[in-house]
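First the structure, in the form of structure tokens, and then the observations on it.
Per chain, numbering begins at 1; letters A, B, ... match sequence-line order.
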Amino acid sequence: MELDPLLISRIQFAFVVSFHAIFPVFTIGLASYIALLESLHFKTNNPQWAQLSRFWTKVFAVTFGMGVVSGIVMSFQFGTNWSNFSWMSANFLGPILSYEVVTAFFLEAAFLGVLLFGRDKVPKGTHLFAALMVALGTFISSFWILVANSWMHTPAGVEFQDGILHVRSWGEAIFNPSFPYRFAHMAVASFLTGAFVVAGVSAWYLMKQHQVEVNRRALSMCLWLILILAPAQAVIGDFHGLNTLEYQPVKVAAMEGNWETQSNVPLLLFALPDQAAQTNRFEIGIPNLASIILTHSADGVVPGISDTPVEEQPPVAIVFWSFRIMVGIGLLMIAVALWGLVLRMRGQLYKPGLFHRILPLMIATPFIAVIAGWFTTEVGRSPWLVHGMISLTEGLTPSLTGGMALATLIGYMSVYAVVYSAGGYYIWRLVMGGMDEGDSKDSHSNTAESGAHAKRPLSAGGPITQGSPASPIKGDWS
Amino acid sequence: MIDFVMIWAVIIAFGVIMYVLMDGFDLGVGILYPFAPNETSRDVMMNTVAPVWDGNETWLVLGGAGLLGAFPLVYSVLLPALYLGVFLLLAGLIFRGVAFEFRFKATPKTKKYWSAAFAGGSTVAALAQGIVVGAYIQGFATENKVYVGGALDWLTPFSVMTGVGLVLGYALLGSTWLIMKTEGEIQDWAYRLTPKLLAAVLFIFVVIGIWTPLVDQFVRDRWFSNIFSIWLLPAGALLSAFVILRAVRNRSEGTPFVATMTLFIFTYLGLLASKWPYVVPPDYTLYDAASARESQLFLLIGVLFVIPVVLGYTAWTYWVFRGKVRAGEGYH
């Protein structure tokens with residue numbers, strides 16, 4: 001069997017980028033949360049904020065480390081597997097990615113060291129400044145990377161000259177048509193991710209009666225944020241979709257599972273797209289709703305997939321279903337936010353119950369939604385790498401054989417399997433180990449130390465002790 | 001008209017040597033890990049680099065992105081040519097990068113696996129980088145600005161030799177760093193180790209010095225033409241070696257590390273001078289590999305403002321974490 005380097009490279013990119021993506025979306029949100037906690041601590045001197053900050057900084061450290069190393073892989077993927085794409089688009093993407101490194105990565109990396117290790121070595125205000133710089137760095141980073149990514153979807157400001165792209169207008173290329181929507185959508189997704197993780201962990205601690213007071217505060221903050229952002233994300237997503245309809249109509253057609261250009265298009269809740277037959281099987285839909293959402297009129301015309309030649313169509317089933325997963329999770333998030341609001345109005349927000357058992361389960365959902373959304377937009381762009389300009393086939397590394405691509409794909413999968421299951425396990429143990437006591441001023445320089453010479457009030461793997469006399473540790477939620 | 005290509009050559013060359021020196025010592029600490037006196041000293045060794053390794057490695061990402069921005073041909077030829085080697089490099093960096101957090105989170109039983117991951121990852125990454133140097137000296141088979149060679153062209157006895165050379169060189173940076181940042185048992189051990197590592201580095205240095213003109217006609221012509229000043233660079237490297245040796249005898253704490261850095265800088269300048277102006281040898285020069293003038297300008301404007309700021313706060317973080325690292329301190 002001939003191994004296809006193109007297919008394997010696409011799988012490889014999808015694999016490494018999906019694994020990478022889950023870390024930044026979490027750390028962007030969490031970095032801002034930590035910066036907020038540090039600010040509150042600075043302003044009020046209330047040790048509870050410091051207690052929360054210390055705990056979440058530890059989680060942040062493990063996550064950020066995994067994000068860094070998977071990010072280094074990303075910065076070489078373009079060259080190893082997509083060298084022609086790199087060569088053709090370097091005049092724009094090269095400077096953009098370089099700006100990301102010099103304006104964001106260095107900022108994050110340098111100040112992260114101070115945030116993690118410098119609490120005793122720098123004044124309090126400087127430590128807060130470090131937290132703010134890390135948060136700022138994560139944002140600047142997402143700005144540049146989404147400039148690059150948006151431009152690949154809606155390229156602007158460039159033209160071909162002797163087979164490579166030259167930039168004619170930096171303003172148009174950077175602020176390309178889909179950039180504002182994509183940036184807003186990802187920024188909100190990051191905040192939602194951070195909020196759901198913190199809310200889930202706090203709710204679980206409340207169930208366990210562990211460090212009740214601080215976790216009430218954390219839960220309350222996160223639920224307010226989710227209450228605002230989850231519905232806002234739906235609105236932003238809608239605008240993003242309308243923008244995509246204008247610039248990448250076939251992607252929207254695939255998202256809707258709409259094969260023929262027509263009016264009164266139903267919103268499909270379920271369908272089995274059959275690309276060979278250019279139709280759906282087993283449709284279940286709400287009449288006219290897709291037309292109403294996309295054109296704001298029941299008899300609005302929605303473009304069809306079949307308008308595009310079959311060889312230029314994206315794989316419809318993947319786009320169709322990953323879009324539904326994303327939207328479904330988005331709706332679930334709104335429902336959870338409203339549920340929280342009802343409990344809050346009844347004064348039952350902190351009373352352990354079903355809601356507090358659901359929230360820890362919700363931790364997984366923003367990550368799944370981000371990856372599903374990523375699949376929707378990226379797979380929906382195929383067969384293009386740069387929409388309408390550079391195809392996947394053209395972009396592939398010419399010297400790459402199927403065997404080489406497969407070898408590294410298996411390699412990355414093996415490495416990531418080891419590293420990320422270990423990382424997940426350590427984060428799990430960190431959470432299971434509970435928070436330090438709020439007032440133990442020196443605890444942060446002792447915890448997680450090598451054990452031999454550090455007194456550890458709470459080892460990472462140890463039981464939750466503070467305030468939870470009866471709590472078993474092994475994830476017993478009964 | 002200002003020659004942006006030349007300016008960018010200087011910036012990228014600066015970025016690469018920054019990476020080599022900075023990640024060099026923290027990779028070196030990893031390479032020396034298995035030989036450390038005991039587990040407590042391993043904790044201390046890791047803590048000497050834990051606050052800064054991430055920033056150090058960022059210079060590698062800058063190298064990748066900067067090449068794409070300023071000399072995209074280097075990026076689009078070298079990465080396909082070194083495909084499997086790049087994977088080894090990245091796999092090594094992944095394991096040693098996560099080991100920083102994981103090792104301190106591990107139970108006593110599993111801790112040794114993350115020590116091994118840190119040591120193995122650091123060594124593999126250093127070896128792969130050294131092999132890249134050798135492969136670069138050998139040159140790359142290209143047609144129409146596209147790599148056309150095989151998957152394992154980079155792997156030759158010569159490139160393995162340069163790989164081993166860089167592992168030893170990084171280990172030397174690591175041991176002199178530890179002289180500066182530790183005291184007592186670890187420092188004594190590093191003092192004893194440094195002359196041995198230096199001897200090994202010099203041995204490889206001589207072997208590569210004899211071997212390179214034999215495998216590379218271009219280098220032979222360059223070295224034995226009438227540019228005698230090029231011989232000042234290896235002379236400077238040897239002088240640095242002498243300074244290291246004397247400083248270790250006098251038990252100086254900072255000089256061995258500084259002199260090891262100058263040893264690296266002279267060797268690096270020697271490599272650049274030997275290949276100049278070819279960046280994708282044997283066919284393409286800096287000018288062939290450069291991106292469009294407007295792209296180089298656009299990036300230059302920002303970089304000239306931002307890089308000094310980056311250097312400023314990087315220096316500040318080193319200042320924050322100055323002084324000796326002792327057992328039982330330093331981790332968050």
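- Heavy-atom contacts from other residues, nucleotides or ligands closer than 6.0 Å to OH of B:Tyr113 number 12 or fewer.
- With a 4.5 Å cut-off on non-hydrogen atoms, A:Leu400 touches chain B through its side chain but not through its backbone.
- Separation of atoms CD1 (A:Ile427) and CD (B:Glu101) is listed at 9.5 Å; rounding is to 0.5 Å.
- Contacts between A:Tyr425 and chain B at a heavy-atom distance below 4.5 Å are absent for every atom of the residue.
- Heavy atoms closer than 4.5 Å to chain A are found nowhere in B:Val52, neither backbone nor side chain.
- For A:Thr126, the part lying under 4.5 angstrom from a heavy atom of chain B is the side chain only.
- A side-chain hydrogen bond (donor to acceptor under 3.5 Å, both in side chains) with A:Ser53 is found for exactly one of A:Lys58, A:His127, A:Glu38, namely A:Glu38.
- Put simply, the side chain of A:Val167 does not reach to within 4.5 Å of the side chain of B:Phe298, judged on heavy atoms.
- Residue with the most contacts toward chain B among A:Pro95, A:Gly113, A:Ser89: A:Pro95 (heavy-atom pairs, distance under 4.5 Å).
- Taking 4.5 Å as the limit, some side-chain heavy atom of A:Thr138 sits within range of a side-chain heavy atom of A:Glu108.
- Other residues, nucleotides and ligands contribute over 12 non-hydrogen atoms within 6.0 Å of the CZ atom of A:Phe15.
- Both the backbone and the side chain of A:Thr408 come within contact range of chain B, with heavy atoms under 4.5 Å apart.
- Taking the six-membered ring for Trp and the full ring otherwise, B:Phe87 and A:Tyr412 have centroids separated by under 6.0 Å.
- Residue with the most contacts toward chain A among B:Val98, B:Leu300, B:Val148: B:Val98 (heavy-atom pairs, distance under 4.5 Å).
- Aromatic ring centres of A:Phe23 and A:Phe64 lie farther apart than the 6.0 Å criterion allows.
- No side-chain donor-acceptor contact under 3.5 Å links A:Ser75 to the backbone of B:Gly64.
- When the candidates B:Leu84, B:Leu60, B:Leu88, B:Thr314 are compared by the number of heavy-atom contacts under 4.5 Å with chain A, B:Leu60 comes out ahead.
- For the set B:Leu79, B:Thr110, B:Leu82, the count of heavy-atom pairs under 4.5 angstrom toward chain A peaks at B:Leu79.
- Within the 4.5 Å cutoff, the side chain of A:Trp82 has heavy atoms near those of the A:Ser9 side chain.
- Of the two parts of B:Trp316, only the side chain, counted from C-beta on, holds a non-hydrogen atom closer than 4.5 Å to a non-hydrogen atom of chain A.
- Contacts with chain B were tallied for A:Val101, A:Asn91, A:Asn81, A:Ile72; A:Asn91 has the most, counting heavy-atom pairs under 4.5 Å.
- No part of A:Phe85 comes within reach of chain B, as not one of its non-hydrogen atoms sits under 4.5 angstrom from that chain.
- Contact annotation for A:Val68: only side-chain heavy atoms (C-beta onward) come within less than 4.5 Å of a heavy atom of chain B.
- Residue contact with chain A, scored on non-hydrogen atoms closer than 4.5 Å, involves the side chain of B:Ile307 exclusively.
- The candidate with the highest count of non-hydrogen atom pairs below 4.5 Å against chain A, out of B:Val320, B:Val306, B:Ile94, is B:Ile94.
- For the options A:Asn84, A:Leu107, A:Ile96, heavy-atom pairs under 4.5 Å to chain B are most numerous at A:Leu107.
- Listed options B:Val86, B:Asn56, B:Val61, B:Val77 were ranked by heavy-atom pairs under 4.5 angstrom with chain A; first place goes to B:Val61.
- Put simply, of A:Ser414, A:Gly65, A:Ala407, A:Ala110, the one with the most heavy-atom pairs under 4.5 Å next to chain B is A:Ala110.
- With a 4.5 Å cut-off on non-hydrogen atoms, A:Val122 touches chain B through its side chain but not through its backbone.
- Aromatic ring orientation, A:Trp151 versus A:Phe92: tilted (interplanar angle from 30° to 60°).
- Residue A:Ala130 does not touch chain B at all, counting heavy-atom pairs closer than 4.5 Å.
- When each of B:Gly302, B:Gly149, B:Pro108 is scored by its heavy-atom pairs under 4.5 Å with chain A, the top score falls to B:Gly302.
- Between B:Tyr136 and B:Phe140, the angle of the ring planes lies from 30° to 60°, which puts this pair in the tilted group.
- Within the 4.5 angstrom heavy-atom criterion, no atom of A:Ile164 approaches chain B.
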For residues 10-22 of chain B, run the donor-acceptor check on the side chains, cut-off 3.5 Å, and write out each pair with its distance to 0.1 Å, sequence neighbours left out.
| from | atom 1 | to | atom 2 | distance (Å) |
| --- | --- | --- | --- | --- |
| B:Tyr19 | OH | B:Asp23 | OD2 | 2.7 |
| B:Tyr19 | OH | B:Gln129 | NE2 | 2.7 |

